[in-house]
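Below is one structure. I have some questions about it.
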Protein chains: 2
Amino acid sequence: MAERNTRQKQAVLGALKESSTPLGVADILSIAREAVPTLSQATVYRILNRLLKKRKIVTVQLPGEAPLYEPAGRGHHHFFRCRRCQSMYEVAGCDELLGRLTPSNFTLEGHDLFLYGLCDSCN
Amino acid sequence: MAERNTRQKQAVLGALKESSTPLGVADILSIAREAVPTLSQATVYRILNRLLKKRKIVTVQLPGEAPLYEPAGRGHHHFFRCRRCQSMYEVAGCDELLGRLTPSNFTLEGHDLFLYGLCDSCN
DNA sequence: GTCGTTGCAAAGCGTTTGCAGCCTA
DNA sequence: TAGGCTGCAAACGCTTTGCAACGAC
């Protein structure tokens, strides 16, 4: 029952925390393998699922793509992806706006939002 | 090169057009098989991909779920899913709001939005 | 008759799981 | 030492693809 602190878990969490953008499983695997070369994919998935369950990390779902992961507590934000250079930028300040879209008598509990277009540099 | 009009394609498009909500592949398959019992999954996927390429239909991506499909031209809208009864409701009128979230010097070309919470009846 | 389309089965990709051995507490 | 954790490989669900037969034009 006790939560154990393994090198694998530290490596996965470390990779996520050191990255300024959300990471996919392949990214996590190759970064974490610098610290733990024998790390397997299955273990990464199991660690991610444990961390998700304990709400230490959060998933970022871009439509039609494999999920990305980032540490919890980075605040509520969404992402803008540049269609040309694929960079991801954070966007904040959506809550007041979205409340207006909710039909009356409905309770809005959460939302997902994803913007895409051209970034500053590519414009 | 010419576009052919097969029973399979008619059945798939028919299923989508007769439904008031977006459908998943399994739904499409079972509805369209009423008209074409031998219809295979692979064919459904191929038809959907052709229709997507020709922009006759559109995908609805709910985070972490298999994609749904609906005919193009139903207008720009997003979905609200009730967490209790799983019903999907349409939501419109987001564009003016989202422009405000875009950083200056960025060009917003599109977005995806998904709301969830409790619907009228479940509230 | 042509050649786009179909059905089947196999393969692909991301993710999960069974199992035996490992290692943290 | 116990039992959570790991690595491997097999299995999974969804989607795509190779191939030979089919059928719309």
Side-chain angles (χ1 to χ4, degrees), chain A residues 1-16 19 21-70 81 86 88 112 114, chain B residues 1-16 22-70 86 112 114:
Chain A
M1 225 94 206
E3 175 86 349
R4 287 190 190 171
N5 206 19
T6 64
R7 291 174 306 134
Q8 288 86 343
K9 184 177 157 191
Q10 288 168 17
V12 167
L13 245 182
L16 291 172
S19 170
T21 52
L23 298 178
V25 170
D27 306 315
I28 296 170
L29 190 61
S30 66
I31 295 174
R33 270 186 174 161
E34 293 170 10
V36 185
T38 64
L39 181 63
S40 72
Q41 281 207 93
T43 298
V44 171
Y45 279 107
R46 281 189 277 228
I47 290 173
L48 290 173
N49 286 335
R50 268 175 239 143
L51 292 172
L52 280 172
K53 204 165 295 173
K54 304 220 164 183
R55 306 197 188 286
K56 300 261 180 85
I57 63 173
V58 142
T59 79
V60 177
Q61 274 283 357
L62 305 199
E65 298 186 24
L68 306 176
Y69 302 85
E70 69 172 11
R81 167 171 282 183
Q86 308 300 324
M88 300 241 306
D112 280 284
F114 172 56
Chain B
M1 224 90 208
E3 177 85 351
R4 285 187 191 174
N5 207 19
T6 64
R7 290 174 306 135
Q8 287 86 343
K9 184 176 156 190
Q10 288 168 18
V12 167
L13 244 182
L16 291 172
L23 298 178
V25 170
D27 307 314
I28 296 170
L29 190 60
S30 67
I31 296 173
R33 270 186 175 159
E34 293 171 11
V36 185
T38 64
L39 182 63
S40 72
Q41 280 207 96
T43 297
V44 171
Y45 279 107
R46 281 189 277 228
I47 290 173
L48 289 174
N49 286 337
R50 266 174 241 144
L51 291 173
L52 281 173
K53 204 165 295 173
K54 303 220 165 185
R55 306 197 188 287
K56 300 262 179 84
I57 64 173
V58 143
T59 79
V60 177
Q61 274 283 356
L62 305 198
E65 298 185 24
L68 307 176
Y69 301 85
E70 69 173 11
Q86 308 301 323
D112 280 285
F114 172 57

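What you are looking at is a predicted structure, and each value in this text was computed from that prediction instead of being measured. Just so we're on the same page: letters track the sequence lines, and every chain starts at 1.
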Legend entry - Residue B/Asn49, side-chain atoms from C-beta onward, closest of D/dT16, C/dT24, C/dG7: D/dT16

Legend entry - C/dT6 OP1/OP2 closer than 4.0 Å to side-chain N/O of B/Arg50: yes

Inset, instruction - Starting from C1' on C/dT15, measure out to CD1 on A/Ile28 and report it in whole angstrom. - result: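 Distance, rounded to whole Å: 13 Å.
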
Inset, instruction - Starting at atom OH of A/Tyr45, determine the distance to atom P of C/dC13, rounded to an integer number of angstrom. - result: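 Those two atoms, OH and P, are 13 Å apart.
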
Legend entry - For atom NZ of A/Lys9 and atom C1' of D/dC5, their distance in whole Å: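 Atom-to-atom, A/Lys9 to D/dC5, this comes out as 11 Å.
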
Legend entry - Close side-chain approach of B/Val12 to B/Thr43, heavy-atom, < 4.5 Å: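 Contact flag for B/Val12/B/Thr43 side chains = no.
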
Inset, instruction - Round to a whole Å and report the spacing from NZ of B/Lys53 to P of D/dT15. - result: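 About 16 Å, once rounded to whole Å.
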
Inset, instruction - Return no unless some side-chain N or O of B/Gln41 is found under 4.0 Å from OP1 or OP2 of C/dT6. - result: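 So the side-chain polar atoms of B/Gln41 never come under 4.0 Å of the phosphate oxygens OP1 or OP2 of C/dT6.
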
Legend entry - Euclidean distance, atom CD1 of residue A/Ile47 to atom C1' of C/dT15 [Å, nearest integer]: 15 Å

Inset, instruction - Please check the phosphate of D/dT6 (OP1 and OP2 only) for any side-chain N or O of A/Thr6 closer than 4.0 Å. - result: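 Looking at the OP1 and OP2 atoms of D/dT6, one of them is under 4.0 Å from a side-chain N or O of A/Thr6.
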
Legend entry - Among C/dG7, C/dA25, C/dT15, the nucleotide that comes nearest once only the side chain of A/Val25 is considered: C/dT15

Legend entry - Below 4.0 Å: OP1/OP2 of D/dC25 and any side-chain N or O of B/Asn5: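 B/Asn5 to D/dC25 OP1/OP2: no side-chain N or O under 4.0 Å.
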
Inset, instruction - With the side chain counted from C-beta on, respond yes when B/Asp112 and A/Asp112 share a heavy-atom pair under 4.5 Å apart, and no when they do not. - result: no

Legend entry - Short side-chain N/O contact to D/dT6 OP1/OP2 from A/Thr43, under 4.0 Å: no

Inset, instruction - Compare every heavy atom of A/Leu39 with every heavy atom of A/Leu29, then report the nearest pair and how far apart it is. - result: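 Here A/Leu29 and A/Leu39 meet closest at CD1-O, 3.9 Å.
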
Inset, instruction - Looking only at non-hydrogen atoms, find the nearest pair between A/Glu70 and A/Pro22 and report the distance. - result: OE1-CG, 4.0 Å

Legend entry - Nucleotide D/dG13, atom P - distance to CG of B/Leu29 in whole Å: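 Nearest whole value for this atom pair: 16 Å.
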
Legend entry - Spacing between A/Arg7 atom CZ and D/dT6 atom C1', to the nearest angstrom: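 The distance from CZ of A/Arg7 to C1' of D/dT6 comes to 10 Å, rounded to the nearest Å.
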
Legend entry - Pairwise distance CG(B/Leu23) to CD1(B/Ile31) - rounded to 0.5 angstrom: 5.0 Å

Legend entry - Whole-Å gap separating C1' (C/dG4) and CZ (B/Arg4): 4 Å

Inset, instruction - Name the closest nucleotide to the A/Ser40 side chain, picking from D/dT15, D/dC8, C/dA9. - result: D/dC8

Inset, instruction - Could you check which of C/dT5, C/dA9, D/dG7 has an atom nearest any side-chain atom of A/Arg46? - result: D/dG7

